[in-house]
Protein chains: 2
Amino acid sequence: MNTQTELLTIQEVAEATGLSVHTLRYYERIGLIHSIGRAQNTHRRYSMDDVGWIEFLKKLRATGMPIHQMLRYAELQRMGDETLPERLEMLKELRRNVEAHMAELQEHLKVIQYKIELYGELLAERTP
Amino acid sequence: MNTQTELLTIQEVAEATGLSVHTLRYYERIGLIHSIGRAQNTHRRYSMDDVGWIEFLKKLRATGMPIHQMLRYAELQRMGDETLPERLEMLKELRRNVEAHMAELQEHLKVIQYKIELYGELLAERTP
DNA sequence: TCTTGACTTAGAGTGCGCTCTAAGTTGTAG
DNA sequence: CTACAACTTAGAGCGCACTCTAAGTCAAGA
């Protein structure tokens, strides 16, 4: 167990989040993650809040939000409550995009499904 | 109207499919599209079958299939009916992947939805 | 004391999927 | 006859999101 509030090394955060240590440092460098606290030896020590934020970032990425937009969101977050409306708008736009993307995937899935059935039938004919 | 079976120029196909002429030539170069017929002046002339294949390629891409797999599929297609089983397997794998991806998006959508509601409430408090 | 290994930084390199450029040919309009 | 637009090729370049390298620091264990 750790000192007070359970601080994690970059290795541990990499394992916990599935991001590589390279990516964690990269995200911090570009400003996606605010400056992480350091131990006396300059090594990073991540708080649980940090890990929570990283998990949220992962979700944004997985929904297809480009890094520059995530950067904007992170910036707004750091600016405090007066940026709530803009962040809300970003999330709503993201929701629209994800819903549209899912609808598109659904359509494509139908075509794939159709082709699978067609191929199945053709195969049944060839090897009766 | 064109000669016999309505052949299209690369420009026309670009407009019809939404791919750029650059991308159309690129796809042909790497083997995603078989060699397109030429007019006397060496200019490409696309048949309706060609356009249909390109539309199918677009769907594969839109579902996230990487180019190297699409290449494999195109290769199998050209090899004829004895490759039906492998193509069927590829399509089934694609279906699994798309379904998994959609499920993941659905989960992320929930989190986004939750945050949107949370932010909405916070905003309502701040500006009553 | 020495080695090992986990960390640090700045910056270079990679893979993907295009996207663009340069230089040349061709066919039609004026 | 000339100008122009649309095409052709081979190959270079680009944006994104990482991913890796080199060189250095530091702390703990043999």
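Quick note on labels: first sequence line is chain A, next is B, and so on, each numbered from 1.
In this structure A/E93 satisfies the side-chain contact (heavy atoms from CB on, under 4.5 Å) test together with A/R96, A/N97, sequence neighbours excluded. Residues passing the salt bridge (charged side-chain N to carboxylate O under 4.0 Å, His left out) test with B/E55 are B/K58, sequence neighbours excluded. With sequence neighbours excluded, the residues forming a side-chain contact (heavy atoms from CB on, under 4.5 Å) with B/R95 are A/L109, A/I112, A/Q113, A/I116, B/K92, B/E99, listed by chain and number. For B/P85, the side-chain contact (heavy atoms from CB on, under 4.5 Å) partners are A/L123, not counting sequence neighbours. Take A/V111 and apply the side-chain contact (heavy atoms from CB on, under 4.5 Å) test, not counting sequence neighbours, and it matches B/K59. A search for ring pair (Phe, Tyr, Trp, His ring centres under 6.0 Å) contacts involving A/F56 returns A/W53, A/Y73, not counting sequence neighbours.
Taking atom CZ on B/R45 and atom C1' on D/dT8, their separation rounds to 12 Å, with Å as the unit. If you take CD1 of B/I36 and P of D/dC7, they are 14 Å apart, rounded to a whole angstrom.
With the 3.5 Å cutoff on both pairing distances, Watson-Crick and G-U pairs in DNA chain D assemble into runs of at least 3 at C:1-30 with D:1-30.
Between A/T63 and B/H108, the closest heavy-atom pair is CG2-CB, 3.6 Å. Nearest approach of B/L105 to A/A62, heavy atoms of both residues: CD2-O, 3.8 Å. Scanning both residues, B/M65 and B/Q69, for their nearest heavy atoms gives CG-CB, 3.6 Å.
The distance from the OH atom of A/Y27 to the CD1 atom of A/I54 is 10.0 Å, given to the nearest 0.5 Å. Here the straight-line distance linking atom CD of A/Q11 with atom NE2 of A/H43 works out to 12.0 Å at 0.5 Å rounding.
Protein chain A contacts DNA chain C from C/dC7 to C/dG11, reading 5' to 3' and using non-hydrogen atoms of the protein with a distance under 4.0 Å.
Sorted by first and then second residue, the side-chain hydrogen bond (donor to acceptor under 3.5 Å, both in side chains) pairs involving residues 29-40 of chain A (not counting sequence neighbours) are A/E28-A/R38, A/H34-A/D50.
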Shorter than 3.5 Å, N or O on both sides, protein versus nucleotides 16-20 of chain D: list them out with atom names.
residue	atom	partner	partner atom	Å
D/dA17	OP1	A/I67	N	3.4
D/dA17	OP2	A/I67	N	3.4
D/dC18	OP2	A/Y27	OH	2.7
D/dC18	OP2	A/R61	NE	3.0

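Contact between the side-chain N/O atoms of B/R25 and the OP1/OP2 oxygens of D/dT8 is found at a separation under 4.0 Å. Listed pair B/Q11 / D/dA6 fails the phosphate criterion, with no side-chain N or O lying under 4.0 Å from OP1 or OP2.
Residues from residues 94-108 of chain B with heavy atoms under 4.0 angstrom of DNA chain D: there are none.
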Practice task
Mark up nucleotides 25-30 of chain D, 5' to 3', with B wherever a protein heavy atom is under 4.0 angstrom from a base atom, S wherever such an atom reaches only the sugar-phosphate, and - elsewhere.
Solution key: ------
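With a 4.5 Å cut-off on side-chain heavy atoms, A/R72 and A/E86 count as touching. A heavy-atom distance below 4.5 Å is found between the side chains of A/M90 and A/L76. In this structure, A/M48 and A/L8 have side chains that are in contact, with non-hydrogen atoms separated by less than 4.5 Å.
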